[in-house]
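Quick notes on the structure that follows.
Remember, it's 1-based here, ligands and their atoms both numbered in the order they're listed. Source: prediction; values computed, not measured.
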Amino acid sequence: MQHRYFGSTGVSVSILGYGAMRLPTRTGGKVDLDRAVPLLRQGIDLGINYIDSAHSYIRGTSEVAVGVAIKSYERESLYLATKIQIGSSYASDAKSWLRKLNESLRRLDTPYIDFIYFHDFHWREFQDYVAGRGKILEAARRVQAQGLVRHLCFSSHDSVTNVIKLIDTGEFDGLLLQYNYLDRHNTPAIARAAEKGMGVAIMGPLAGGRLVRREVGGSGKDHVPGVKAAQLGLRFVWSNPYVSVALSGMNDLDQIEENAAAADQAEMSDAELAQVQPLVEQSKSLADLYCTGCGYCMPCSNGVDIPGNFEIYNQGRMFDQLDRARQAYDASIAEEARASACIQCRECEEKCPQNIRISEWMPRVHAVLGEGQPYP
Ligand code: SF4
Ligand code: SF4
């Protein structure tokens, strides 16, 4: 497992981080500790020392699983990152942020958090709640001085211009951005952060698994013969020298082993990058409907399976398998959950970190998959 410094923090992190967002769950949606803890420990045993959770992941139980898993290890040998969302419905002032921080410390069962992130952070939230009237920044500096948190960071899906504004405040030691061979729009922000001495963590190195799950119905073929798709996605990310750690939301042992093996090799050679080029070109067709399958938009109050519809549409388009996509739409999505059930209420749209105009896409998806029209 290769390591890189997390900016100028002096912390040497494994280039593969464990994303604790997709851990196995039980009926009811809480984490399944019996399955999740061994997975996390397997990752740590294979050399991962950076674990990323969030106050909101898996109804707060992701942090609990991480807390249980790390008990078998020296606390100082691991770096824990967690995130607290800022906003009027979340933490909007010092008091509410501190309450959530204390909950995270309790769930993680740890005396300190290495990297505390403002979760899905926007420039306007920095102005209003963090630096402005909410005074969260003052509170964060106080708990940092007390040793409860070590580094202040943010994750963001805001525009590159606004992310760069956040970087340029000089208030943060690191950031977490989306980046993969399908979506490189954050490249300038990544470079700017590195230039300013910030650590760079990457989410979505496999576009929420879309760069791994291939073809409608999943034949299991690799994109490039002989190269595992997941390894290819991760190694593409590590080929950016400004990246400190790439997070992968792993939920089975084989996946952890595959990704850890990729982290032994890290960046790609020029020849390997050239091999990936055709795939990058092929994948461009997915860029205008960039659904990562995160599920933040769910549940739809009208029962539409938003990520399910988008996945079938995208996979059919990417692999030129329209017939199979139509069959899958018919067979694997219940009629009441199909795109045609969308009533354009738009309730889901503000929850989508990718800013997808879901209500506008649903009729297009149904036209192609349900009414026999060609892909636009
Ligand atoms: S816009 Fe459509 S998909 Fe979104 S919540 Fe409303 S009915 Fe559901
Ligand atoms: S539509 Fe947006 S929120 Fe919903 S699964 Fe896709 S990316 Fe996530």
Note: heavy atom closest to atom 1 (S) of ligand 1, options E360, E349, R357, R346, belongs to R346

Y117: which other cluster members, linking ILVMFWY side chains closer than 4.5 Å, directly or transitively? F6, V11, V13, Y50, Y79, F115, L176, M203, V245, L247

Treating Q85 as the side-chain partner and H119 as the backbone partner, does any N or O pair qualify as donor plus acceptor under 3.5 Å? no

With respect to V31, which candidate in T61, V37, V66 satisfies the side-chain contact (heavy atoms from CB on, under 4.5 Å) definition? T61

Heteroatoms of the protein, restricted to N/O/S, which lie under 2.8 Å from atom 2 (Fe) of ligand 2: C352 SG

Is there a donor-acceptor pair closer than 3.5 Å between any side-chain N or O of R22 and the backbone N or O of M250? no

One residue to check: I343. Relative to ligand 1, which of side chain, backbone, both or neither has a non-hydrogen atom less than 4.0 Å away? both

Taken in chain and number order and not counting sequence neighbours, the residues that satisfy salt bridge (Lys or Arg N to Asp or Glu O under 4.0 Å) with R99 are none

Which atoms of ligand 2 sit under 4.0 Å from any heavy atom of G295? 5 (S), 8 (Fe)

I'd like to know if the side chain of S156 reaches the main chain of V163, judged simply by a donor and an acceptor atom lying under 3.5 Å from each other, with no hydrogens or angles considered. no

Hey, could you give me each pair passing salt bridge (Lys or Arg N to Asp or Glu O under 4.0 Å) that has a residue in residues 244-268? Not counting sequence neighbours. R4-E267

Nearest to atom 5 (S) of ligand 1, what protein heavy atom do you find, and at what distance? C345 SG, 3.5 Å

Any non-hydrogen side-chain atom of F121 less than 4.5 Å from a side-chain atom of F172? yes

Suppose I only count heavy atoms of N302 and a 4.0 Å limit; which atoms of ligand 1 are within that range? 7 (S)

If the test is side-chain hydrogen bond (donor to acceptor under 3.5 Å, both in side chains), which one of Q354, R184, H185 qualifies with Q178? Q354

C300 near atom 6 (Fe) of ligand 1: N/O/S under 2.8 Å: no

Between the candidates S301, C342, P299, A339, which shows the shortest non-hydrogen contact distance to atom 2 (Fe) of ligand 1? C342

